[in-house]
Amino acid sequence: MEFKVQVRKSQFEKSLLNKIARVANRLEQEVETELKVSFKLTFSQFRVLNGLLALGKVSQRELATALGVTPAVVTRQSEVLSARGLVTQQPNPASKRENLLALTEKGEGAVHDASRVIAERQKLLLSGLSLKDETAFERAIDQLL
């Protein structure tokens, strides 16, 4: 004989914050897996590449500010990406303590290809929503941000 124990969900488990975090975690996990398999990139490395695509040649500090991370994160990721030929680093004439970063042609191709894969994963995750619901969801997230 099987007994089912009914556990009440806490207020947090029912909360919008928890639900948003779970959706974000699921999407990030799926994207991270695809990035690793297809591009040998972490999500953090992809964010650096995508930030450089948006900003162009920029200092590490400016990129860190734009991404909402510490300069140390950008330094670590840019060193890995530079070694792979995806990013160039050159001394910043305005500051001897930092480098200017820019995408290489290879890096630009990688970020475009990876962006397509991320868009496909997002579309798959949201495929259960009608276009109206997806649009409403995106608008609500934009308002929260």
Side-chain angles (χ1 to χ4, degrees), residues 2-92 95 98-145:
E2 184 177 321
F3 292 97
K4 289 188 177 183
V5 177
Q6 190 170 13
V7 178
R8 295 177 113 182
K9 289 187 175 183
S10 70
Q11 283 303 107
F12 177 72
E13 289 173 312
K14 295 177 186 177
S15 75
L16 181 62
L17 174 64
N18 182 51
K19 291 175 183 179
I20 290 171
R22 288 175 51 210
V23 168
N25 287 340
R26 181 173 168 200
L27 180 57
E28 188 174 339
Q29 287 171 349
E30 288 190 23
V31 167
E32 180 94 30
T33 299
E34 189 64 37
L35 287 171
K36 283 181 181 175
V37 169
S38 299
F39 303 99
K40 295 182 180 35
L41 290 172
T42 65
F43 190 67
S44 183
Q45 290 165 351
F46 169 76
R47 289 189 69 220
V48 167
L49 292 173
N50 195 56
L52 289 172
L53 181 66
L55 299 172
K57 188 184 236 180
V58 67
S59 74
Q60 292 166 311
R61 184 166 307 286
E62 290 168 317
L63 182 57
T65 299
L67 296 178
V69 299
T70 65
V73 169
V74 171
T75 299
R76 281 192 305 275
Q77 300 306 339
S78 62
E79 287 171 358
V80 172
L81 295 169
S82 180
R84 292 188 51 202
L86 301 173
V87 170
T88 60
Q89 298 184 66
Q90 56 186 209
N92 184 350
S95 171
E98 66 183 7
N99 291 320
L100 293 176
L101 305 173
L103 285 176
T104 63
E105 197 172 308
K106 183 179 173 184
E108 192 170 331
V111 75
H112 283 299
D113 292 344
S115 292
R116 276 193 293 278
V117 168
I118 289 172
E120 290 168 11
R121 284 292 185 181
Q122 178 178 308
K123 187 176 180 179
L124 184 63
L125 181 67
L126 299 175
S127 65
L129 298 177
S130 69
L131 182 57
K132 181 180 176 182
D133 288 342
E134 184 179 336
T135 302
F137 178 67
E138 187 173 355
R139 284 186 182 144
I141 295 297
D142 286 343
Q143 284 183 332
L144 291 173
L145 293 174

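All values below come from the heavy atoms of this structure, side chains included, with hydrogens, waters and symmetry mates left out. None of the values given here were measured: they were computed from a predicted structure.
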Inset, instruction - Please name all residues satisfying side chain to side chain contact (heavy atoms under 4.5 Å, CB included) with Ile118, sequence neighbours left out, ordered by chain then number. - result: Val31, Leu35, Phe46
Legend entry - side chain to side chain contact (heavy atoms under 4.5 Å, CB included) against Pro71, all qualifying residues, sequence neighbours excluded: Arg61, Ala64
Inset, instruction - Please list, chain by chain and in numerical order, all residues satisfying salt bridge (charged side-chain N to carboxylate O under 4.0 Å, His left out) with Lys36, sequence neighbours excluded. - result: Glu32
Inset, instruction - Return the set of residues passing side-chain hydrogen bond (donor to acceptor under 3.5 Å, both in side chains) with Glu105 (not counting sequence neighbours), or none when no residue passes. - result: none
Inset, instruction - Please list, chain by chain and in numerical order, all residues satisfying side chain to side chain contact (heavy atoms under 4.5 Å, CB included) with Ser44, sequence neighbours excluded. - result: Thr42, Val73, Gln77
Legend entry - Full working for side chain to side chain contact (heavy atoms under 4.5 Å, CB included) between Val74 and Leu101: CA-CA 10 Å; Val74 171; Leu101 305 173; 3.7 Å; yes
Do any side-chain atoms of residues 131-142 form donor-acceptor pairs under 3.5 angstrom with protein atoms, and if so which ones, sequence neighbours left out?
residue : atom : partner : partner atom : Å
Asp133  : OD2  : Ser130  : OG           : 3.4
Thr135  : OG1  : Leu131  : O            : 2.8

Legend entry - Residues in salt bridge (charged side-chain N to carboxylate O under 4.0 Å, His left out) contact with Arg26, at least two apart in sequence or another chain: Glu30
Inset, instruction - Kindly state each residue pair satisfying side chain to side chain donor-acceptor pair (under 3.5 Å) with at least one member in residues 111-122, sequence neighbours excluded. - result: Glu34-Arg121, Asp113-Arg116
Legend entry - Residues forming a side-chain hydrogen bond (donor to acceptor under 3.5 Å, both in side chains) with Ser59, sequence neighbours excluded: Glu62
Legend entry - Separation of Leu100 CG from Gln90 CD (nearest 0.5 Å): 5.5 Å
Legend entry - Under the side chain to side chain contact (heavy atoms under 4.5 Å, CB included) test, residues paired with Glu79 that sit two or more places apart: Thr75, Gln89
